[in-house]
Amino acid sequence: MTPAQLSATVLAAVRDVFLARGLDPAALPATTTVERPRNPEHGDYASTLALQLAKRTGVPPRELAAALAERLGQEPGVKSVEIAGPGFLNIRLDAAAAGELARVVVEAGTAYGRSDRLAGERINLEFVSANPTGPVHLGHTRWAAVGDALRRILTAAGARVDSEHYTNDAGLQVERFGESLYAAATGAPTPADGYGGAYVADVAATVAAAHPGLLERPAAEALAVFRDEGYAVMLAEMRASLERFGVHFDVWFSERTLHAGGAVEQALETLRAQGHVYDADGAVWLRTTDFGDDKDRVLVRSNGEKTYFAADAAYYLSKRGRGYDRCIYLLGADHHGYIGRLRAIAACAGDDPQAHIEILIGQLVSLLRGGEPVRLSKRAGTLITLDEIVEAVGVDAARYSLARSSTDSPLTLDIEAITRAANDNPVHYVRYAHARICSVLRNAGELGLYRGTDFRPGLLAHERENVLLKSIGEFPAVVATAGELREPHRVARYLEELAGEYHRFQSTDECRILPRGDEAPTDLHRARLWLIEATRTVLANGLDLLGVSAPERM
RNA sequence: GCGCCCGUAGCUCAGCGGAUAGAGCAGCUGCCUUCUAAGCAGUUGGUCGCAGGUUCGAAUCCUGCCGGGCGCGCCA
């Protein structure tokens with residue numbers, strides 16, 4: 001029995017109790033969940049429904065719990081129901097009912113964990129959105145890992161998701177980048193406000209090599225080539241780095257195309273038609289304060305130039321126009337000032353910000369080197385690139401360690417620790433569990449032992465097996481919750497628990513999976529093969545949601 | 001000054017109102033003559049920043065304070 005099935009059973013039971021006692025079923029919640037108590041003495045699952053309903057019905061919780069226990073105890077598969085404390089219901093399942101879960105998981109395979117919780121949602125998920133003036137670096141990497149995991153999780157929860165990278169290629173920064181490249185190619189000093197990292201010289205050399213005689217051409221002409229070609233080179237590098245990191249964007253969106261295609265103009269008209277645009281001091285403003293922003297924002301400067309904010313508005317309208325009903329922005333904490341104005345854009349366009357726009361703010365990654373904070377700067381060239389991180393620890397470890405903590409908490413990474421601690425990364429613990437299972441399955445194959453079709457779930461009666469089954473059963477709810485809350489780290493934390501349950505199971509002498517020596521294989525061995533295949537399935541599915549590989553050998 | 005986030009074990013961090021607050025790492029003690037020791041078992045370690053409040057119940061929700069990070073342009 002899955003937790004979802006048990007929850008439905010509990011809800012049906014409480015409905016029966018309500019009807020029998022003449023209580024109003026309208027007081028019942030639409031859904032309920034069962035918890036996994038920390039303390040094993042509190043049963044396999046616990047329901048707090050009696051506690052929650054006591055106030056609404058006026059029936060003392062323990063009394064309600066007693067009636068519910070009586071009724072639930074008759075359900076097939078339920079071994080016992082006890083009332084505890086103020087009105088907890090502690091439920092135990094028959095081993096056979098609990099063990100059936102392994103069959104469910106094995107038969108679902110890669111589909112186990114998916115749900116339709118977010119079915120019908122068409123989501124645009126934007127993250128990284130780095131300026132094309134330097135390599136993807138550590139500051140972006142957290143969002144790359146988290147954003148891509150979120151894309152996978154939302155998809156698993158039933159949503160239709162496109163991931164999108166917005167490239168700020170229209171403004172002054174690209175201009176400065178071009179100037180810096182030209183300077184580097186001619187041996188001139190880096191201009192003020194230019195880019196001085198070592199990669200600048202590399203990109204400049206690449207561009208120069210592709211255009212013989214470029215430096216002999218007039219400065220304005222050469223500059224334009226360095227700017228445009230350099231930008232293209234940089235963008236291609238960013239893409240390649242992210243792809244190597246396992247992060248694929250469905251859409252690479254260029255800010256330039258908004259300006260060139262007239263989308264910005266059109267956005268201004270749309271907003272004006274909605275009545276939130278006004279002119280003052282020679283500039284054109286959007287009255288974002290109508291919708292909670294702390295000040296109005298300029299769309300067109302008094303010199304006639306459209307602001308970055310105007311492009312933001314056009315960009316949002318572009319997303320909506322492309323059919324996304326929910327636009328999710330994953331931004332670093334240094335951009336949290338954007339929340340108000342972005343939401344105001346949606347509102348000014350006549351949308352309901354609550355429904356259509358969602359801004360997730362993640363805290364920044366800070367860096368220590370030798371215990372001292374390191375200031376990262378693209379301009380100064382003191383940055384740690386995604387490529388360097390991948391080279392140091394590999395894609396799996398890097399992705400995992402960035403995705404396993406809540407983006408609400410700032411992450412502190414020690415540069416030495418990243419490389420040195422490649423071994424004490426929890427990712428190994430999880431992947432190792434998967435590799436161990438594969439190893440046992442290989443050994444079973446050599447013995448000619450397979451799980452077969454005659455599965456006897458009731459044989460999985462050992463406490464370690466029971467606990468493992470319960471962990472496996474949690475997976476779909478974990479994925480659904482991670483999707484709803486936009487919190488991929490929940491999947492990682494869950495996998496660490498599951499891996500722990502597996503390691504403990506396999507270390508238990510009474511839980512031999514394969515026959516020893518000349519022992520004859522039994523139904524119990526075969527039942528355990530079902531159990532470990534179910535465990536392997538969940539580990540593999542879960543790691544995949546994080547973009548981390550599940551190796552068959554380590 | 002205003003706004004957002006954070007404060008939980010020595011360190012890095014989990015814990016969407018539930019029962020005795022957890023994990024990894026670090027430390028200490030054991031366990032490889034059969035399924036991978038990247039593992040397991042045990043042990044040390046906590047005023048959940050502080051003070052109030054809400055309720056059957058608060059690390060979790062509310063208020064105030066303290067400490068830290070980040071942000072508050074006709075910049076991009």
Side-chain angles (χ1 to χ4, degrees), chain A residues 35 37-39 41-42 46 48 51-52 54-55 60-61 84-88 90 131 133 168 170-176 193 255 280-285 294-295 297-309 311 332-340 361-364 366 401 404-414 417 421-433 435-444 446-447 481-482 484-485 487 489-490 492-494 496-497 499-500 502-509 511-517 525 528 532 553-554:
Chain A
E35 298 172 5
R38 204 178 287 282
N39 185 338
E41 286 171 22
H42 295 150
T48 57
L51 287 167
Q52 291 162 22
K55 180 168 277 184
F88 292 103
N90 295 336
N131 282 343
T133 54
N168 300 126
L172 198 56
Q173 297 309 322
V174 174
E175 213 64 50
R176 285 177 177 159
D193 296 325
E255 183 190 354
D281 305 328
V284 180
W285 299 71
D294 52 358
K295 61 182 70 167
R297 306 288 166 176
V298 172
L299 290 163
V300 184
R301 285 192 265 161
S302 48
N303 66 6
E305 277 183 46
K306 313 230 178 15
T307 60
Y308 188 86
F309 177 69
D334 51 343
H335 286 77
H336 79 247
Y338 285 41
I339 299 176
I361 296 298
Q363 299 304 305
L364 303 177
S366 58
S401 49
R404 76 182 285 270
S405 51
S406 162
T407 54
D408 277 346
S409 54
L411 209 53
T412 310
L413 297 180
D414 189 301
N423 282 329
D424 46 86
N425 187 321
V427 73
H428 301 308
Y429 187 74
V430 177
R431 297 173 81 240
Y432 181 52
R436 281 182 111 182
I437 294 173
C438 290
S439 173
V440 175
L441 292 173
R442 279 194 301 271
N443 295 342
E446 284 169 19
L447 295 174
T481 303
E484 282 177 333
L485 299 178
E487 293 184 348
H489 75 277
R490 289 171 181 276
R493 299 299 174 148
Y494 163 78
E496 289 168 30
E497 273 190 45
Y502 181 75
H503 287 306
R504 285 186 281 279
F505 161 75
Q506 190 177 334
S507 302
T508 303
D509 278 341
C511 293
R512 274 300 292 196
I513 302 156
L514 302 178
R516 296 169 191 258
H525 293 125
R528 285 181 175 147
I532 70 168
R553 299 173 198 270
M554 277 175 74

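Each chain gets a letter, A, B and so on, in the order the sequences are listed, and its residues count up from 1. Quantities reported herein were computed from a predicted structural model and do not represent experimental measurements.
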Check whether any side-chain N or O of [X] sits under 4.0 Å from OP1 or OP2 of [N], and answer yes or no.
{"X": "A/Tyr429", "N": "B/rA37", "answer": "no"}
{"X": "A/Arg504", "N": "B/rG39", "answer": "no"}
{"X": "A/Lys306", "N": "B/rC74", "answer": "no"}
{"X": "A/Ser409", "N": "B/rA14", "answer": "yes"}
{"X": "A/Arg301", "N": "B/rA76", "answer": "yes"}

What contact category does [X] fall into here, base, sugar-phosphate, or nothing, at under 4.0 angstrom with non-hydrogen atoms?
{"X": "A/Ser406", "answer": "sugar-phosphate"}
{"X": "A/His489", "answer": "sugar-phosphate"}
{"X": "A/Ala46", "answer": "base"}
{"X": "A/Asn39", "answer": "base"}
{"X": "A/His42", "answer": "base"}
{"X": "A/Ser405", "answer": "sugar-phosphate"}
{"X": "A/Tyr308", "answer": "base"}
{"X": "A/Asp281", "answer": "base"}
{"X": "A/Ala333", "answer": "sugar-phosphate"}

Considering only nitrogen or oxygen atoms on both sides, find all protein atoms under 3.5 Å from nucleotides 29-35 of chain B and state each distance.
from: B/rU34; atom 1: O4; to: A/Arg516; atom 2: NH1; distance (Å): 3.2
from: B/rC35; atom 1: O3'; to: A/Asn443; atom 2: ND2; distance (Å): 2.9
from: B/rC35; atom 1: O2'; to: A/Asn443; atom 2: ND2; distance (Å): 3.2
from: B/rC35; atom 1: O2; to: A/Leu514; atom 2: N; distance (Å): 3.2
from: B/rC35; atom 1: N3; to: A/Ile513; atom 2: N; distance (Å): 3.2
from: B/rC35; atom 1: N4; to: A/Gln506; atom 2: O; distance (Å): 3.2

[atom1] gap between [N] and [M], integer Å:
{"N": "B/rU8", "M": "B/rA58", "atom1": "C1'", "value": "14 Å"}
{"N": "B/rG49", "M": "B/rC6", "atom1": "P", "value": "12 Å"}
{"N": "B/rU55", "M": "B/rU47", "atom1": "P", "value": "29 Å"}
{"N": "B/rU43", "M": "B/rA21", "atom1": "P", "value": "16 Å"}

Identify all pairs in which a protein N or O lies below 3.5 Å from an N or O of nucleotides 57-63 of chain B, and state each distance.
none

* Is the base of B/rC61 syn or anti, where syn means the angle lies within 90° of 0? ->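 B/rC61: anti glycosidic orientation.
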* Between A/Phe505 and A/Tyr502, how do the two ring planes meet: parallel, tilted or perpendicular, split at 30° and 60°? ->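 Tilted.
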Which nucleotide in the set [options] lies at the smallest distance from any side-chain heavy atom of [X]?
{"X": "A/Arg490", "options": "B/rU20, B/rC74, B/rC16", "result": "B/rC16"}
{"X": "A/Pro410", "options": "B/rA41, B/rC6, B/rA38", "result": "B/rC6"}
{"X": "A/His336", "options": "B/rG73, B/rC75, B/rC4", "result": "B/rC4"}
{"X": "A/Leu411", "options": "B/rA76, B/rC70, B/rC13", "result": "B/rC13"}
{"X": "A/Asp334", "options": "B/rG15, B/rA76, B/rC70", "result": "B/rC70"}

* Tell me the partner of B/rA21, counting only Watson-Crick (N1-N3 plus N6-O4 or O6-N4) or G-U wobble (N1-O2 and O6-N3) with both under 3.5 Å; none if nothing fits. =>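 Its partner: none found.
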* **Counter-base of B/rG67, judged by Watson-Crick or G-U geometry with both distances under 3.5 Å** =>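 Paired with B/rC6.
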